[in-house]
Protein chains: 2
Amino acid sequence: MLDNFFNKLSKGMTLTEAEKAIFRQHISVKRLRKHQYLLQEGEICKSVAFVSKGMLRSYLVDEKNNEHIIQFAPEGWFISDLNSFITEDISSLNIEAIEDSELILISKASHVYLETAVPGFYKFNYLQYRGAYMSLQKRLTDMFMLSTEEKYTKLLSIYPDITQRVPQHMIASYLGLTPETLSRVRKKLFVKKD
Amino acid sequence: MLDNFFNKLSKGMTLTEAEKAIFRQHISVKRLRKHQYLLQEGEICKSVAFVSKGMLRSYLVDEKNNEHIIQFAPEGWFISDLNSFITEDISSLNIEAIEDSELILISKASHVYLETAVPGFYKFNYLQYRGAYMSLQKRLTDMFMLSTEEKYTKLLSIYPDITQRVPQHMIASYLGLTPETLSRVRKKLFVKKD
DNA sequence: ATTATTTCTTGATTCATATCAATACATTGG
DNA sequence: CCAATGTATTGATATGAATCAAGAAATAAT
């Protein structure tokens, strides 16, 4: 069950068996059933979570009670409220399992410890965040440059199985659209394909 | 003139005099006058630039020839087309000086060298990208959650001197607005303040 | 100084998407 | 099985921002 996690690490750093043992002592495993929360706004984000199975989403709620999805995290991804994790301020984010999920948690203390105990961990984190930064930059420019229709089709091309795993209104929220608008966009797309 | 650069590095890592010497051997200095380009679309991004003086912007041009500003980089910031830098594919970004500027360039080969020659450089980069990732996440959620007026006032509160240094139509582009819309938003704001 | 160029403002109109409202459809739970 | 809840569709209308167009203001160039 830690295999996914060590696999992920191995992609950004060299990882010895001894180091794996150190990791094992500094992580914990958590299971969430669908609809359960890893974090709710107002709490402090105590750990970074690696998703070894299932899927989570993080979202914000605005004054009008609209949800805005920040991130989906299927297996192989990390999720947290980074800002709260680092500053230890209260979080404005909610993180919820949208499938039954298995998580590997790294607490702040453990993270700090691992950074010095496992030298390659800096490199891993560097590559991890650099990649995350690049993806986010693409997402932002897509928001600016693409039409609503293109945003949706591009999302499908990158994550083809997303419609099977994520309800449509959440996809709409992730794209910054109302459910109604996404429904109409899809209608147009399917008419075209006939 | 390298002081700004070493200061920046020191904020994320410990930096010995010996390491400074290594850096000096692996960086180059470049001056750009206003309107000159560090990178134009179609080229390969050969280096990451640290802005020690002045200010640059990176932007994309869409099919309708509209510019979309991705980033402003005043002194103390890094700028590049990360994607092109890493993959060595051609860039779709333009990077232009919007003031007379002084840059410190790190080529790809140097970057790779420095990562191993200066152990703390991983830590620096990790923190750098982690911070950049968090800022970008805020920018994205602001785009989703704030009204046009709020986007502008928030930008002003974070970068109060931006109106002095950056033409208004570029601020509009950065916020994803047309110049006309920003002009009208400002009019409303100033009427209110009377 | 005077012209040229860039930047900003203002008005009229169009367009895309949000909003509001109702209904259909699907899934879950007692 | 039926109610309850959650999810998706569809229509009518409102709204905010884009677009088109013209002119004013500011800045730079000769």
Side-chain angles (χ1 to χ4, degrees), chain A residues 33-37 55 57 59 61-69 72 94 96-100 142-153 155-156 162-194, chain B residues 33-36 55 57 59 61-69 72 96-100 142-153 155-156 162-194:
Chain A
R33 288 206 317 281
K34 190 173 174 173
H35 296 134
Q36 290 185 316
Y37 281 80
M55 185 159 180
R57 64 165 180 148
Y59 66 93
V61 182
D62 68 20
E63 338 65 68
K64 289 173 189 158
N65 265 27
N66 287 121
E67 294 180 0
H68 300 271
I69 294 184
F72 293 113
N94 301 279
E96 183 200 15
I98 56 176
E99 297 175 0
D100 295 349
D142 285 350
M143 287 299 136
F144 281 137
M145 299 183 64
L146 301 184
S147 69
T148 298
E149 192 174 312
E150 289 168 324
K151 284 176 204 170
Y152 181 64
T153 52
L155 184 71
L156 292 193
I162 195 168
T163 50
Q164 272 71 62
R165 296 182 69 178
V166 177
Q168 201 167 298
H169 70 274
M170 288 190 192
I171 296 176
S173 167
Y174 179 81
L175 294 175
L177 308 171
T178 59
E180 293 95 327
T181 298
L182 182 55
S183 174
R184 285 185 252 258
V185 164
R186 279 167 47 85
K187 196 179 177 186
K188 249 202 273 177
L189 282 173
F190 292 134
V191 170
K192 277 188 194 162
K193 287 192 177 163
D194 290 344
Chain B
R33 288 207 314 283
K34 190 174 175 172
H35 295 136
Q36 289 186 316
M55 186 157 179
R57 64 164 179 148
Y59 66 93
V61 182
D62 68 21
E63 335 66 70
K64 289 172 186 159
N65 263 27
N66 287 121
E67 295 180 0
H68 299 270
I69 295 186
F72 294 113
E96 183 200 16
I98 57 176
E99 297 175 1
D100 295 350
D142 285 351
M143 286 300 136
F144 280 138
M145 297 184 63
L146 301 184
S147 69
T148 299
E149 193 176 312
E150 289 169 324
K151 282 176 203 170
Y152 181 64
T153 53
L155 185 71
L156 291 193
I162 196 168
T163 51
Q164 273 72 61
R165 298 181 71 177
V166 178
Q168 199 167 301
H169 69 276
M170 287 190 192
I171 296 177
S173 167
Y174 179 81
L175 294 175
L177 308 171
T178 59
E180 294 95 325
T181 297
L182 182 56
S183 174
R184 284 185 253 259
V185 164
R186 279 168 47 85
K187 197 182 179 185
K188 251 201 270 177
L189 282 172
F190 292 135
V191 170
K192 277 188 196 164
K193 288 192 176 165
D194 290 345

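- When the side-chain nitrogen and oxygen atoms of A:K187 are compared with OP1 and OP2 of D:dT9, none of them lie within a distance under 4.0 Å.
- Between B:K34 atom NZ and D:dA29 atom P the separation is 9 Å, expressed in whole Å.
- The nearest whole Å value for the distance from the CZ atom in B:R165 to the P atom in D:dT27 is 17 Å.
- A sub-4.0 Å separation between OP1 or OP2 of D:dA17 and a side-chain N or O of B:T148 is present.
- Looking at every heavy atom in both residues, A:T181 comes nearest to A:T178 through OG1-OG1, 2.9 Å.
- One atom, CG of A:L189, and another, C1' of D:dT9, lie 15 Å apart when rounded to the nearest Å.
- Nearest heavy atom pair, residue A:E150 against residue A:L146, reads OE1-CA, 3.4 Å.
- Scanning DNA chain C for stems, defined as runs of 3 or more consecutive Watson-Crick or G-U wobble pairs whose donor-acceptor distances all fall under 3.5 Å, gives the following ranges: C:1-30 with D:1-30.
- Following rounding to the nearest Å, A:Q164 (CD) and D:dA8 (P) show an atom-to-atom distance of 13 Å.
- The separation between B:L175 atom CG and D:dG16 atom C1' is 16 Å, rounded to whole Å.
- Taking each heavy atom of A:M143 and A:L175 in turn, the nearest pair found is SD-O, 3.7 Å.
- When DNA chain C is scanned 5' to 3' for any atom under 4.0 Å from a heavy atom of chain B, the first and last hits are C:dT7 to C:dA12.
- In plain terms, the two heavy atoms of B:E149 and B:V185 that are nearest each other are CA-CG1, 4.0 Å.
- Using a 4.0 Å heavy-atom criterion, one finds that A:L177 contacts the sugar-phosphate atoms exclusively.
- The pair B:E99-B:K34 does not count as a salt bridge, with every side-chain nitrogen at least 4.0 angstrom from each carboxylate oxygen.
- When rounded to the nearest whole Å, the span between NE2 of B:H35 and C1' of D:dA28 equals 10 Å.
- Here the closest non-hydrogen pair linking A:P167 and A:R165 is CD-O, 4.1 Å.
- Remark: C1' of D:dG16 and CD of B:E180 are 14 Å apart, rounded to the nearest angstrom.
- With a 4.5 Å cut-off on side-chain heavy atoms, B:E96 and B:H35 count as touching.
- Here D:dC20 presents its C1' atom at 13 Å from CG of B:N66, a figure rounded to the nearest Å.
- Taking both residues in full, the closest heavy atoms of A:R186 and A:Q168 are given as NE-OE1, 3.1 Å, listed atom of the first, atom of the second, then distance.
- With the nearest nucleotide of DNA chain C identified for both A:R184 and B:Q168, B:Q168 has the one nearer the 5' end.
- Distances shorter than 4.0 Å separate none of the side-chain N or O atoms of A:S183 from OP1 or OP2 on D:dA8.
- Screening A:Y152, A:F72, A:Y59 against A:Y174 for a ring-ring contact (aromatic ring centres under 6.0 Å, His included) leaves a single residue, A:F72.
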